[in-house]
Amino acid sequence: MAERFVFINRGINAADQMLAIESGITKRTVQRMTAASIALTRAIRREARGGTLKGGRGKLAQSWKEFPVRIRGGNQVEGGSASDSPYADIQDRGGDIRPKTAGALTIPLTDEARRRRAGDYVDLFIYRSPLGKAFLARQLKRSGGRSTLELVYMLTKLVTLKGTGYITKAEKNAAPEILDLMDLAVQDELLAFAAGV
């Protein structure tokens, strides 16, 4: 599965300040970074649920989780948000989607199909339109004994998604809160150093 990580760090200035302190990372700094990671995750979920990306069932939004804060080298701290959804990155940057194991991708055409997988149906068959397009379809019985054809999925070998930039938008929206938290973290480190903690 593809993974997408979005890291938070305060940048070179804060890192230099923390390195100059040489007192290590305090518990309060880890708490501030955790709060920043949560703020970033909330912003990404908002964009994935209904901000930039419209519709969907919210699975992509819920796949984003803050990851545990990491301390590197005793004097650098990083946090962020990550998703293990294979769609997290491609929805953001765009790209081609091809079938991995099946012969074709199934693009849902009905509300019911958006909530189910093609394999959940037992009555689908391949229908080719006069223009040569392929569909998974089924016969629906109507009143009066007539039946109609319902196109459930369109079959295709390739879908090209245009990137939405939802992660970049989320990072921009969360930046003021994250920068405030990181400034407080640097202040905490300076106070801890001054206090000899």
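Predicted model, so just to flag it, every value in this text is computed and none were measured.
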### Message
Within the structure provided, determine whether Leu40 and Glu171 are in side-chain contact (heavy-atom separation under 4.5 Å).
### Response
yes
Practice task
Check for a donor-acceptor pair, side chain of Ser37 on one end and backbone N or O of Gly80 on the other, with a separation under 3.5 Å.
Solution key: yes
Sorted by chain and number, sequence neighbours left out, salt bridge (Lys or Arg N to Asp or Glu O under 4.0 Å) with Arg98 holds for Asp96
Q.
Does any part of the side chain of Arg49, heavy atoms only, come nearer than 4.5 Å to the side chain of Gln62, both counted from C-beta?
A. yes
Rounding to 0.5 Å, atoms CZ (Arg32) and CG (Leu181) come to a distance of 7.0 Å
Shortest non-hydrogen pair, Ala118 vs Thr106, comes out as CB-CG2, 4.1 Å
What one should report as the nearest heavy-atom pair of Asp92 and Tyr166 is OD1-N, 3.1 Å
Across all chains, not counting sequence neighbours, the side chain to side chain contact (heavy atoms under 4.5 Å, CB included) partners of Lys65 are Arg45
Hits for side chain to side chain donor-acceptor pair (under 3.5 Å) against Arg128, two or more places apart or cross-chain, chain-then-number order -> none
A side-chain contact here means heavy atoms from C-beta on lying under 4.5 Å apart; do Thr148 and Gln139 qualify? no
Pair Glu47 + Lys169: basic N to acidic O under 4.0 Å
no
Sorted by chain and number, sequence neighbours left out, side chain to side chain contact (heavy atoms under 4.5 Å, CB included) with Leu109 holds for Phe135, Leu151, Met154
message = Quick test of your reading of the model: are Arg138 and Glu112 salt-bridged, counting only N-O distances below 4.0 Å?
response = yes
For Arg42, the salt bridge (Lys or Arg N to Asp or Glu O under 4.0 Å) test, sequence neighbours excluded, returns Glu177
Sorted by chain and number, sequence neighbours left out, side chain to side chain donor-acceptor pair (under 3.5 Å) with Asp111 holds for Arg114
For Leu161, the side chain to side chain contact (heavy atoms under 4.5 Å, CB included) test, sequence neighbours excluded, returns Ile90, Gln91, Ile97, Val159
Residues at least two apart in sequence or cross-chain that pass salt bridge (Lys or Arg N to Asp or Glu O under 4.0 Å) with Glu66, listed by chain then number, are none
In terms of heavy-atom contacts, Ser83 and Ala88 come closest through OG-CB, 3.5 Å
Between Leu60 and Ser85 the two heavy atoms that sit nearest each other are CD1-OG, 3.8 Å
For residues Met182 and Met33, determine if any side-chain heavy atom of one lies less than 4.5 Å from a side-chain heavy atom of the other. yes
Sorted by chain and residue number, the side chain to side chain donor-acceptor pair (under 3.5 Å) partners of Thr34 (sequence neighbours excluded) come out as none
Apart from Leu136 itself, its cluster of hydrophobic side chains linked below 4.5 Å comprises Tyr121, Leu124, Ile126, Val152, Tyr153, Leu155
Ignoring hydrogens and angles, state whether a donor on the side chain of Ser81 or Thr41 is under 3.5 Å from an acceptor on the partner side chain.
yes
| said: Between Val30 and Ile178, is there shared hydrophobic-cluster membership here, with clusters defined by ILVMFWY side-chain heavy atoms closer than 4.5 Å? | reply: yes
Here the pair of heavy atoms bringing Tyr127 nearest to Ala137 is CB-CB, 4.0 Å
